[in-house]
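Residue numbers count from 1 along this sequence.
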Amino acid sequence: MSTAPYTEATPTTSSAPSSTHTPRTPTGTTAPRKPSPSPTPTRTAKHQPTPTQPRRPVAPAATTPSQITGTVDTTTTAPAPPPATAPVLRRGDSGPEVAELQDRLAQLTIYNGRIDGRFNSKTENAVRTYQSYMGLQSDPPGVYGPETRRALEAQTS
């Protein structure tokens with residue numbers, strides 16, 4: 001049996017990506033293509049925390065005796081009272097609540113005056129128009145009371 005010189009396969013530098021190579025056979029012909037083995041996955045080093053001083057437990061900022069003992073502290077102040085009901089607004093009133101009312105009525109294009117925080121005849125007429133349009137009858141006509149407020153706040157932002 002004669003031996004023919006073997007040529008080694010050399011990687012080709014092609015612009016097309018290829019995961020196979022063509023080894024040379026003793027006669028110079030090419031052998032069938034075999035997929036190249038996939039690269040061995042590498043492991044990244046786990047994040048090691050920077051050595052620091054040992055952590056100390058931190059106590060809550062405002063520890064009360066009742067939190068420590070589990071008892072009810074009767075010396076604390078009473079809870080805040082529930083919020084007061086919204087004011088009823090009428091002609092002659094002024095302030096930020098009136099400006100909010102004017103803004104809400106303007107969102108519905110019922111009020112087209114200046115948003116100046118003054119409950120004047122123009123604001124009163126807009127409230128009356130809104131109440132009539134919505135069929136609201138609990139509040140006096142032109143007065144921004146609880147029923148009118150609930151309906152208007154539900155429709156505007």
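Arg118 CZ to Arg91 CZ: the interatomic distance, rounded to the nearest 0.5 Å, is 14.0 Å. Of the inter-residue distances, the one linking Asp103 atom CG with Ser157 atom OG reads 8.0 Å to the nearest 0.5 angstrom. With values rounded to the nearest 0.5 angstrom, Tyr130 atom OH is found 10.5 Å from Leu101 atom CG. The line from CE of Met134 to OG1 of Thr129 is 13.5 Å long, rounded to the nearest 0.5 Å. Rounding to the nearest 0.5 Å gives a distance of 8.0 Å between OG1 of Thr156 and CD of Glu100. Here Ile110 contributes atom CD1 and Arg104 contributes atom CZ; the two are 13.0 Å apart, rounded to the nearest 0.5 Å.
Judged by distance alone, with hydrogens and angles left aside, the side-chain atoms of Asp93 form a donor-acceptor pair with the main-chain N or O of Arg90 at under 3.5 Å.
The heavy-atom pair separating Ile115 from Ala106 by the smallest distance is CD1-CB, 4.4 Å.
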- Evaluation steps, side chain to side chain contact (heavy atoms under 4.5 Å, CB included), between Glu97 and Leu89: CA-CA 8 Å; Glu97 294 89 4; Leu89 302 175; 3.9 Å; yes
- Task: I would like to know whether Asp116 and Gln102 meet side chain to side chain contact (heavy atoms under 4.5 Å, CB included); could you show each step before the answer?
- Result: CA-CA 8 Å; Asp116 57 6; Gln102 291 169 329; 3.3 Å; yes
- Kindly determine whether Glu124 and Phe119 satisfy side chain to side chain contact (heavy atoms under 4.5 Å, CB included), including the steps that lead there. CA-CA 7 Å; Glu124 182 181 43; Phe119 201 123; 3.7 Å; yes
- Walk me through it: do Tyr111 and Val127 pass the test side chain to side chain contact (heavy atoms under 4.5 Å, CB included)? CA-CA 8 Å; Tyr111 178 76; Val127 171; over 6 Å; no
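Side-chain polar atoms of Gln131 and Asp139 form no donor-acceptor pair below 3.5 angstrom.
Residues Val88 and Arg149 form no side-chain contact, since every pair of their non-hydrogen atoms from C-beta on lies 4.5 Å or further apart. Two residues are said to be in side-chain contact when any heavy atoms from C-beta on lie closer than 4.5 Å; Pro146 and Arg150 meet this criterion.
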